[in-house]
Amino acid sequence: MKETFYVTTPIYYPSGRFHIGTAYTTVLADSLKRLNKLKGKDCYMLTGTDEHGQKIETVAEKNGLKPQEYVDKMADMAKELWKKMDIQYDNFIRTTDEKHEKIVQKIFQIFLEKGDIYKGEYEGLYCIPCETYFTKTQLIDGKCPDCGREVVPMKEEAYFFNMKKYADKLLKYYDEHPDFIKPEFRKNEMINNFIKPGLEDLCVTRTSFDWGIKVPSDPKHVIYVWLDALTNYLTALGYLSDDDSLFKKYWPANVQVIGKDIARFHLIYWPIFLIALDLPLPDHIVVHNWIMMKDGKMSKSKGNVIYPETLIDRYGLDATKYFLLREMPIAQDGIFSPEAFIERYNFDLCNDLSNLLNRTVSMVNKYFQGKVEGYTGCINDVDKELEEYCKTQIDKFNESIDNFEIANSLQEIWNLISRTNKYIDETSPWILAKNNETGKLKSCIYHLIENLRKIAILIKPFMNETAENILNQIGINSEDLKTWESLNYYDKIKDIKVIEKGEPIFMRLNPEEEVEYLKESMKA
RNA sequence: CGCGGGGUGGAGCAGUUGGCAGCUCGCAGGGCUCAUAACCCUGAGGUCGUAAGUUCGAGUCUUACCCCCGCAACCA
């Protein structure tokens, strides 16, 4: 049986239009799925929407809709965006799915019976008009961060999950699985800020609104966000349902991708729920940082919000994905700026990659009527060095990927692209042609084509269309020459014919015009 | 003294175990013509936040101080 790979995104809260950060998380997960699929694994990717809660109730009302009507609309919006972005998810879970709701109730009952959940009182600072609790640190000048009005101390009956009971087990797990949390400093953040000072129990129900899953044994309570939301990763696979074959096949998850805003919930509460359910924990939880703007956080009031559609519609999906994956380090905030986007596009995609393909295809046509017969070995040290460099870069790529450093792994691919461009100057094929040094010329062309083939395979998980385009232009049709495994050999291309007139896969953009365009679109 | 991350040529960043300070962009000069004002080469530019210490030798270790950022409990 094939090795399985289960990757998840968070379920997104559809209280508004998805911005580029949401797209980034999803692209990251999708890329990991595609990579592992290419490596031959049996993959399953989950995404979805988190549709309950106070805020949804409020936003729906503002739009003159019932909560269910509103979330139906938003789930469609999400699916449409993921379609546009060619996200290959296998399941889209909605927390309003009846199947999900039933299992959440079941899980709640299990915890209740085990004594992990108990009834208590939730106390906090409450904004009456907003019907929301806030903590002291959330307040702005001591007032409600949403509406600016006074908050009052309130309490209500609520159920709590006994987190304290599991704190030691969680620490032990962290300790025994150093790769569980990526990057590692997030783990220390959790330990120092929350666990070491003494974990507080988590409130898992509310009575102040009812757009949520009811507690079966006490229906005036609805299950509050985290127990409902986090368990989606299990319910989506049919955990505790009549058909749990997917769960048996794919659990535990290999990688769960999240943003830093929900780190605490995924790094503390989620593993504890799993421990309490006596289930194995995921291999890795990858916490990525945020996409910031030059002037700080994206916000509508600053007029600096960039939506994925803006970039995709004008520059294409692959360019958009490339920028996100290349520019956003996992462990630091990345910065989006129109200038940076256009620079990446022109330098990396046009000058380096597209140009390499273009000049190579042109030479094969010019010197050999578009034909490449086969491998003729290494004619000289330059060839040999190039082959070795290629191998090294693939190793480096793998190393970075294993650490979820996607930006670095792309960097390694681009180093290979640059090295290949340099190889053309080192071998000067136009001189070889002039001097009728056919043997050397053949070897040079073969090496260029072979490197392009490898480059295409390496970028395929991140830029599928571009990869296919490259392979098509250099005439690689055989599926055997498109596999991940085929990165291991150098000599298998035989009797291919490149496209007669290669179209540039990326065309240079006018920086001034495009920066202007992006700035305008961000204001709107 | 809450915990953690960081301060490296004009900008953005790499720098595993201490051993001649690198990358991308920008700038200056050159090369080539297969390709896109592209591609390739060379050069200028840094007392690696400040001060002291350990060491034959520190961006890399220790201590103190200055500055920036993240986290700090129910916010998806």
Side-chain angles (χ1 to χ4, degrees), chain A residues 10-16 22 49-56 95 122 124 132-138 145-146 158 160-161 163 183-204 206 224-230 258-266 268-269 289-290 292 296 326-327 329 331-335 337 339-340 343-344 346-348 350-352 354-367 407-408 411 414-415 418 420-433 444-445 448 502 504 506-510:
Chain A
I11 43 174
Y12 304 110
Y13 201 66
S15 58
T22 313
T49 41
D50 178 15
E51 304 185 346
H52 290 126
Q54 177 68 52
K55 219 172 184 171
I56 292 291
T95 52
Y122 180 73
T132 310
Y133 282 96
F134 295 102
T135 60
K136 241 187 273 171
T137 49
Q138 282 175 269
D146 287 349
F160 285 84
F161 187 97
M163 290 289 164
E184 204 184 349
F185 73 87
R186 293 287 171 204
K187 174 169 81 183
N188 298 329
E189 222 168 68
M190 294 305 131
I191 295 174
N192 291 324
N193 287 325
F194 304 108
I195 304 178
K196 235 163 50 185
L199 208 49
E200 285 176 22
D201 290 345
L202 180 75
C203 172
V204 290
R206 283 294 155 85
Y224 184 62
V225 56
W226 293 108
L227 192 67
D228 174 10
L230 290 166
I258 61 165
K260 67 174 178 179
D261 48 332
I262 47 175
R264 189 173 90 238
F265 308 101
H266 281 79
I268 296 177
Y269 305 139
N289 271 31
W290 280 347
M292 308 294 276
R326 176 67 179 76
E327 199 72 2
Q332 289 171 43
D333 286 335
I335 295 188
S337 75
E339 291 85 356
E343 276 173 22
R344 284 269 169 237
N346 276 345
F347 296 138
D348 296 3
C350 302
N351 295 354
D352 294 339
S354 178
N355 188 37
L356 173 64
L357 173 68
N358 213 14
R359 62 202 300 218
T360 300
V361 166
S362 158
M363 284 191 283
V364 184
N365 278 312
K366 197 158 189 169
Y367 303 140
N408 287 351
Q411 167 85 66
W414 255 257
N415 286 344
S418 291
T420 310
N421 267 318
K422 184 175 166 173
Y423 173 81
I424 297 180
D425 278 74
E426 286 175 335
T427 50
S428 317
W430 49 92
I431 293 178
L432 298 176
C444 167
I445 295 298
L448 288 176
F506 294 101
M507 290 286 266
R508 269 182 84 83
L509 303 169
N510 178 321

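Remember, predicted model here, so these are calculated numbers, not experimental data. The sequence lines fix the lettering, A, B, ..., with proteins before strands; numbering per chain opens at 1.
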> So what's B/rG2 paired with, Watson-Crick or G-U wobble, going by both distances under 3.5 Å?
Replying inline: B/rC71

>> Using a heavy-atom cut-off of 4.0 Å across all strands, would you classify A/S15 as base, sugar-phosphate, or nothing?
In response: nothing

>> Between A/D333 and A/W290 (side chain of the first, backbone of the second, donor and acceptor by atom type, cut-off under 3.5 Å), is there such a pair?
In response: yes

>> Looking at A/H52, is its backbone amide N or carbonyl O close enough to the side chain of A/Y13 to form a donor-acceptor pair, meaning the two atoms are under 3.5 Å apart?
In response: yes

>> Between A/T360 and A/D50, which residue's closest nucleotide on RNA chain B lies nearer the 5′ terminus?
In response: A/T360

> Taking only side-chain nitrogens and oxygens of A/Y224, does any of them come within less than 4.0 Å of OP1 or OP2 of B/rC75?
Replying inline: yes

>> Does B/rC39 have OP1 or OP2 under 4.0 Å away from a side-chain N or O of A/N351?
In response: yes

>> Main chain of A/Y12, side chain of A/D50: is a donor-acceptor contact present, judged purely on distance under 3.5 Å?
In response: no

> How would you label the contact of A/L199 with the nucleic acid (heavy atoms, under 4.0 Å): base, sugar-phosphate, or nothing?
Replying inline: base

> Whom does B/rC39 pair with, Watson-Crick or G-U wobble, provided both distances fall under 3.5 Å?
Replying inline: B/rG31

> Which whole-number value in Å describes the distance from A/R186 CZ to B/rC3 P?
Replying inline: 18 Å

>> Whole angstroms only, please: what is the CZ-P distance between A/F347 and B/rA37?
In response: 14 Å

> Can you check whether A/K422 has a side-chain N or O nearer than 4.0 Å to OP1 or OP2 of B/rC41?
Replying inline: yes

>> At 4.0 Å (heavy atoms only), tell me whether A/G198 reaches a base, stays on the sugar-phosphate, or touches nothing.
In response: base

> Between A/I191 (CD1) and B/rC3 (P), how many Å, whole number?
Replying inline: 15 Å

> In the strands shown, is B/rU50 matched to any nucleotide by a Watson-Crick or G-U wobble pair with both distances under 3.5 Å, and which?
Replying inline: B/rA64

> Once you round it to whole Å, what is the distance between C1' of B/rA72 and CD1 of A/I262?
Replying inline: 18 Å

>> From CD of A/E184 over to C1' of B/rC71, roughly how many Å is that when rounded to an integer?
In response: 16 Å

> Which listed nucleotide (B/rC71, B/rC75, B/rU36) is nearest to the side chain of A/E189?
Replying inline: B/rC71

>> If you compare all heavy atoms of A/R264 against all heavy atoms of A/M190, which two are closest, and at what distance to 0.1 Å?
In response: CA-SD, 3.6 Å

> Separation of A/R326 atom CZ from B/rC13 atom C1', in whole Å?
Replying inline: 10 Å

>> Looking at A/Q332, I'd like to know whether one of its side-chain N or O atoms comes within less than 4.0 Å of OP1 or OP2 on B/rG4.
In response: no

